[in-house]
Amino acid sequence: MTDADMSVLNEVFDVIIDRKNNPVEGSYVCSLLDHRKGINKILEKVGEEATETILAVKDNDKEEIIYETSDLLFHLLVMLAATGVSLEDISEEMKKRRH
Ligand SMILES: N=c1c2ncn([C@@H]3O[C@H](COP(=O)(O)OP(=O)(O)OP(=O)(O)O)[C@@H](O)[C@H]3O)c2ncn1[C@@H]1O[C@H](COP(=O)(O)O)[C@@H](O)[C@H]1O
């Protein structure tokens, strides 16, 4: 996998941060960030998408694994944005673990 393949994660994260700073009517990201349940709504989505990803793997359904993992990664990005953690923070941590 090349760096370019995953640059979409950075791009989507930037949009999520922009939604946080400049709320937009009808935005799904804003609906999560401003939810009456607070961070719990985002955590519910992360848990739900993780479960759906696990089921897709159990079913050995590659298309579904790709679809559900994309949902999971997206909701993880929203969770990071909501908690003030950046993708740089994650990449720094992962670099430290290289051996
Ligand atoms: N990558 C995504 C993305 N992936 C999934 N989703 C949404 O995540 C939602 C939840 O998926 P579910 O399968 O659980 O569907 P659901 O039935 O709506 O579930 P509930 O929320 O009702 O429980 C769906 O409404 C999807 O549209 C996404 N919504 C937005 N993005 C990215 O975020 C950007 C900003 O989006 P807005 O904030 O909507 O402008 C977009 O340009 C995209 O790049």
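Everything numeric in this text was worked out from a predicted model, so none of it was measured. As the structure lists them, so they are numbered: ligands from 1, and atoms in each ligand from 1.
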Q. Above 12 or not: heavy atoms from other molecules or residues under 6.0 Å from CG of N40?
A.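 Atom CG in N40 is packed in, count exceeds 12.
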
Would you call E48 a ligand 1 contact, heavy-atom distance under 4.0 Å?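 Right, E48 reaches ligand 1.
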
*asked:* Regarding ligand 1, does K41 bring an N or O atom to under 3.5 Å of one of the ligand's N or O atoms?
replied: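 By distance alone, the answer is no.
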
*Are any of the N or O atoms of G26 closer than 3.5 Å to those of ligand 1?*
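No, no N or O pair falls under 3.5 Å.
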
Under 4.0 Å from [atom], is there at least one protein heavy atom?
| atom | value |
| --- | --- |
| atom 43 (C) of ligand 1 | no |
| atom 21 (O) of ligand 1 | yes |
| atom 17 (O) of ligand 1 | no |
| atom 3 (C) of ligand 1 | yes |

>> Just to be sure I read this right, does ligand 1 sit under 4.0 Å from the backbone of V15, its side chain, both, or neither, counting only heavy atoms?
In response: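 V15 to ligand 1: side-chain contact only, backbone stays beyond 4.0 Å.
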
Worksheet item: With atoms numbered from 1 as shown, which atoms in ligand 1 lie under 4.0 angstrom from a non-hydrogen atom of D71?
Response: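 Atoms satisfying the 4.0 Å criterion: 4 (N), 5 (C), 13 (O).
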
Notebook entry, point to check: Which heavy atom of the protein is the closest neighbour of atom 28 (C) of ligand 1, given with residue, atom name and distance?
Noted result: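 Protein heavy atom at minimum distance: F74 CE2, 3.4 Å.
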
| Can a salt bridge be assigned to the pair E92 and K96 using a cut-off of 4.0 Å between side-chain N and carboxylate O? |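 No, no charged N to carboxylate O under 4.0 Å.
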
